[in-house]
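To keep things clear, I will list the structure first and then write my remarks on it.
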There are 2 protein chains.
Amino acid sequence: MSTPTRAPRNTLSRDLVVERAVRLADREGLGVLTIRALAGECGVKPMAIYHHVSGKEEILDAIVDAVFAEIYAPQVDGPWREELARRSRSVREALGRHPWALALMEARRNPGLATLAGHEACLEVLRSAGFSLQATAHAYAVLDAFVYGFALQETMLAQVDLDGSVDELVESMDLARFPRMHEFATEHVLQDGYAFAASFEVGLELVLDALERLQAAFA
Amino acid sequence: MSTPTRAPRNTLSRDLVVERAVRLADREGLGVLTIRALAGECGVKPMAIYHHVSGKEEILDAIVDAVFAEIYAPQVDGPWREELARRSRSVREALGRHPWALALMEARRNPGLATLAGHEACLEVLRSAGFSLQATAHAYAVLDAFVYGFALQETMLAQVDLDGSVDELVESMDLARFPRMHEFATEHVLQDGYAFAASFEVGLELVLDALERLQAAFA
DNA sequence: ACCTGAACACCGTTCAAGT
DNA sequence: ACCTGAACACCGTTCAAGT
């Protein structure tokens, strides 16, 4: 008779814990990401987690930084407008793949290495393109506001879509009270995520146009 | 001997519970907003709360809607650009007063009456100003993305400021690795919230300019 | 009707113990 | 060194009981 099966030793590492945490959050949502469930995902008992990570706070910081690590870092040798557009689309895609990330980012106080490196790359692109310090500050604030704000709206929209369709939502509310929202739903403008997604490209070009004007104004 | 002091009856109501929940979250943060602490804030035992509210979910939905109720609703009889600017500033101020609101909005699925009425008012202003359905969809998506995204950044920035200053943060990281971020910190661009706040007005005007161009393009 | 106390199934985390 | 079991102080919530 062999010894009873037991989780093999040295099978766990900080990186693996973080990877499994991301996987669990993607699959089941942030609410299910508990130390106990994470341990299950790693095939280990809850207390084993604490040998690779100081606690839940560190895990949350780490999975946020893991999302930033997936995002394209803009390059100084390319045209700044295309590089920042590519970065912006990449942010939106990453936040779409990990819908829990945005809510988490907001509450975290300790930015990780990938987070800092991403900011650094964006600032470097703007400064290298000749944006003054003032212009860079405004430009980065406006671009990031648009990108993260758009992702925020998509996250909220996706959550409403989960149970009832937008149609049902609108029908459930007083049509006399909210005629414009009804118009939007019936005209299929908000019907699916695709129509809304089209606004991202439109908005991105408008914001990049605005950055060009900023570059000139704060020279 | 009088009867032992007891919390007077009929002192509680749904509105009072919601008001106290907002007050508690403002003062101590979302993490402290538990049913037990909320009961204490209302001068009552935990289980009394459940007589006025179905559970914590309803409380969270209600305090988000309470924040929307504080925000200026744009009017159709004013110039659309000024009305939307005033709305945008009011959103930013409200989210500044209640830093927990943004994180909560994101996860909620049931928009309240004040939330819906706010959306309706914005859509009405745009449509009345002659924006086509397409133009309205893009315009509202872009403007809201900017406003909420900016508030998101301010919330994050405020959280970092709480413990260490930005200076300390930058000194703690590798200067050779993040020279542009160091430049920003030393040049005082991110020094305080005020410098960053200036970007809001700059960005708002740029976005409103963009809406005017949208109005023409999607006529 | 409104409020309460005790209990249940969860959480993150500490600490002493096993291999 | 890595993993575990039992225990502690918390959650939200149910249910039966008091006034």
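Because the structure is a prediction, the values reported are computed rather than measured. Each chain gets a letter, A, B and so on, in the order the sequences are listed, and its residues count up from 1. Only heavy atoms go into these numbers, but all of them, side chains included; no hydrogens, no water, no symmetry mates.
The closest donor-acceptor contact from the side chain of B/R20 to the backbone of B/E41 lies under 3.5 Å. Checking side-chain atoms of A/E28 against main-chain N and O of A/D26 turns up no donor-acceptor pair under 3.5 Å. Side-chain atoms of B/E58 never come within 3.5 Å of backbone atoms of B/V53 as a donor-acceptor pair (strictly under, hydrogens ignored). No donor-acceptor pair closer than 3.5 Å links the side chain of B/E106 to the backbone N or O of A/L152.
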Could you run down nucleotides 9-16 of chain C 5' to 3' and tag each one B, S or - for protein heavy-atom contact under 4.0 Å?
-> --BBBB--
So what does the secondary structure string of DNA chain D come out as, 5' to 3', with Watson-Crick or wobble pairs under 3.5 angstrom, [ ] for crossing and | for pairs with another strand?
-> ||.|||||...|||||.||
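More than 12 heavy atoms of other residues, nucleotides or ligands lie within 6.0 Å of CZ in B/R180, so this atom counts as buried by the packing criterion.
Taking the side-chain hydrogen bond (donor to acceptor under 3.5 Å, both in side chains) definition, one finds that B/E70 meets it with B/R97, B/H98, sequence neighbours left out.
For A/F146 and B/F146, the ring centers sit 6.0 Å or farther from each other.
Between B/E124 and B/R127 there is no salt bridge, since no side-chain N of the basic residue sits under 4.0 Å from a carboxylate O of the acidic one.
Look at NZ on A/K45: it is 15 Å from P on C/dT19, rounded to the nearest Å.
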